[in-house]
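The chain is numbered in sequence order, starting from 1.
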Amino acid sequence: MSETAPSKGSSVGRILTGVLVFQLVLAAFLLVGDLQNGFRLPGFGPKAPSLTEPIRPGDQTRRFSPDRAPPGGQPMPDDPLPERLMLTSVSAGEAVLLEGTIADGDATRILMQIEELRTAPERILLNSPGGSVQDALSLGRALRRAGFDTAMRAGDICYSACPYLLAAGVNRLVPDTASVGVHQHYFGKNALLPAFVAVEDIQRGQGEVMRYLDQMGIDPLVMQHALITPPNEIYVLLPEELVRYRFISDPDT
């Protein structure tokens with residue numbers, strides 16, 4: 001008995017089934033991508049330039065991955081920064097360096113380490129790609145109460161939540177070759193929260209950040225750049241913007 005040739009209708013059915021399966025798989029990938037990026041819609045526009053590209057007025061947004069240095073190691077170093085803040089004494093009685101990602105719980109741990117120092121430093125040096133916003137705000141408030149100055153060294157970075165530590169200094173110093181940048185933050189702990197709860201978390205978190213900046217003497221308008229820059233990019237502040245938003249004093253005055 002000869003086999004019956006597949007009908008045209010069954011062939012079309014298999015094709016449609018394959019297309020449907022492909023669409024479902026693609027939708028799953030897009031959903032995972034959205035969850036990992038804070039429910040952001042997938043972007044199809046051109047990517048921001050590499051972090052190694054020169055920064056110019058009006059062209060200051062760069063691709064950013066806090067755990068991976070771009071080729072050439074600038075402005076992020078070739079060697080990965082520590083996975084949590086590390087305190088290192090760089091000059092007895094004058095300065096300590098806080099270097100690495102700001103991880104959950106770092107505020108309490110770093111404050112204890114500072115209190116245990118034989119000689120209290122006058123200045124806190126910063127080199128960090130950012131991290132936990134809440135820890136940065138908590139540590140920043142404590143640094144301000146203690147009357148510390150904050151500063152950066154030539155070539156160091158202070159991105160994401162790190163500028164909140166920089167803002168905490170009674171006096172702040174940022175060399176022209178250092179790099180300070182801001183972007184959007186995550187405030188909710190669970191990406192699967194209902195939308196209205198997630199929005200409330202974001203609004204509450206942004207309000208807390210703006211209040212903190214105002215208390216530290218920083219112009220909260222700097223947040224206009226953070227709010228429109230996605231987490232996988234960074235808006236690098238120009239020296240004149242650091243002056244405008246009062247992170248540093250105008251060197252000409």
Side-chain angles (χ1 to χ4, degrees), residues 64 66-67 75-77 81-91 94-115 117 120-175 178-187 205-206 208-220 222-223 225-226 229 231 234-237 239 241-243 245-249:
F64 172 65
D67 57 355
M76 294 178 67
L81 291 169
E83 294 183 357
R84 62 186 314 172
L85 277 182
M86 303 297 293
L87 185 147
T88 306
S89 231
V90 294
S91 57
E94 292 185 9
V96 293
L97 171 65
L98 291 184
E99 188 169 44
T101 299
I102 307 168
D104 290 341
D106 276 353
T108 300
R109 182 177 59 86
I110 291 297
L111 287 174
M112 290 179 60
Q113 292 181 3
I114 292 176
E115 291 174 357
L117 292 174
E122 298 175 1
R123 178 179 294 180
I124 307 293
L125 304 177
L126 300 168
N127 186 28
S128 170
S132 167
V133 175
Q134 291 302 327
D135 278 82
L137 299 182
S138 178
L139 180 54
R141 291 190 179 97
L143 295 179
R144 172 59 67 90
R145 286 195 299 269
F148 290 117
D149 292 341
T150 54
M152 297 175 65
R153 304 170 302 180
D156 282 348
I157 64 169
C158 187
Y159 291 158
S160 186
C162 176
Y164 307 142
L165 295 181
L166 178 64
V170 176
N171 299 292
R172 300 175 285 269
L173 175 65
V174 181
S179 185
V180 180
V182 296
H183 65 181
Q184 297 169 5
H185 299 302
Y186 299 123
F187 292 98
Q206 297 293 0
E208 182 181 0
V209 166
M210 295 178 73
R211 181 170 59 249
Y212 170 89
L213 291 172
D214 184 60
Q215 292 169 346
M216 297 297 153
I218 305 298
D219 187 346
V222 70
M223 292 300 293
H225 305 297
T229 305
I234 200 78
Y235 179 91
V236 180
L237 295 166
E241 289 176 317
L242 292 173
V243 172
Y245 298 122
R246 301 195 293 272
F247 277 97
I248 58 175
S249 301

List the residues meeting side-chain contact (heavy atoms from CB on, under 4.5 Å) with [X], not counting sequence neighbours, and say none if there are none.
X	value
Val96	Leu87, Ser89, Leu117, Pro121, Ile124
Thr101	Pro129
Pro220	Met210, Asp214
Ile248	Val174, Leu242, Val243

Looking at Glu83, I want to see if its CD is surrounded by more than 12 non-hydrogen atoms of other residues, nucleotides or ligands under 6.0 Å.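 No.
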
What do you reckon, is CE of Met86 surrounded by more than 12 foreign heavy atoms closer than 6.0 Å? no

Asp149 (side chain) donor-acceptor with Asn171 (main chain) under 3.5 angstrom: yes

Would you say the side-chain atoms of His183 pair up with the backbone N or O of Ser160, donor to acceptor, closer than 3.5 Å?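 Side chain of His183 to backbone of Ser160, a donor-acceptor pair under 3.5 Å: no, none is there.
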
Within the structure provided, determine whether [X] and [Y] are in side-chain contact (heavy-atom separation under 4.5 Å).
X	Y	answer
Ile114	Leu143	yes
Ile157	Leu81	yes
Arg123	Leu173	yes

Mind jotting down which residue pairs meet the disulfide (SG to SG under 2.5 Å) criterion with at least one end in residues 124-166? Sequence neighbours excluded, please.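 Matches after skipping sequence neighbours: Cys158-Cys162.
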
Tell me the closest heavy-atom pair linking [X] and [Y], and the distance in Å.
X	Y	value
Ser179	Val236	OG-CG1, 3.6 Å
Pro175	Ala154	CG-N, 3.8 Å
Ala226	Val182	N-CG2, 3.8 Å

Can you pull the side chain to side chain donor-acceptor pair (under 3.5 Å) pairs that have at least one residue in residues 139-148, sequence neighbours excluded? none

Interatomic spacing from [atom1] in [X] to [atom2] in [Y] - rounded to 0.5 Å:
X	Y	atom1	atom2	value
Glu241	Asp219	CD	CG	11.5 Å
Ser128	Leu85	OG	CG	5.5 Å
Asp104	Arg109	CG	CZ	11.5 Å
Thr229	Gln184	OG1	CD	7.0 Å
Leu125	Thr150	CG	OG1	9.5 Å
Tyr212	Ser138	OH	OG	9.5 Å

Restricting to pairs with a member in residues 124-139, which pass salt bridge (Lys or Arg N to Asp or Glu O under 4.0 Å), not counting sequence neighbours? none

Of all pairs that satisfy salt bridge (Lys or Arg N to Asp or Glu O under 4.0 Å), the ones with a partner from residues 155-175, not counting sequence neighbours: Arg153-Asp156

Going by the rule side chain to side chain donor-acceptor pair (under 3.5 Å), which residues pair with Gln215 if we only count those two or more places apart in sequence or in a different chain? none

Once ring pair (Phe, Tyr, Trp, His ring centres under 6.0 Å) is applied, what residue pairs with a partner in residues 121-163 remain, sequence neighbours excluded?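 Matches after skipping sequence neighbours: Phe64-Tyr159.
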
Apply salt bridge (Lys or Arg N to Asp or Glu O under 4.0 Å) to Arg84 and list each qualifying residue two or more places apart in sequence or on a separate chain.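 In terms of salt bridge (Lys or Arg N to Asp or Glu O under 4.0 Å), with neighbours along the sequence ignored, Arg84 is linked to Asp106.
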
Partner residues of Tyr245 under the ring-ring contact (aromatic ring centres under 6.0 Å, His included) criterion, sequence neighbours left out: His225

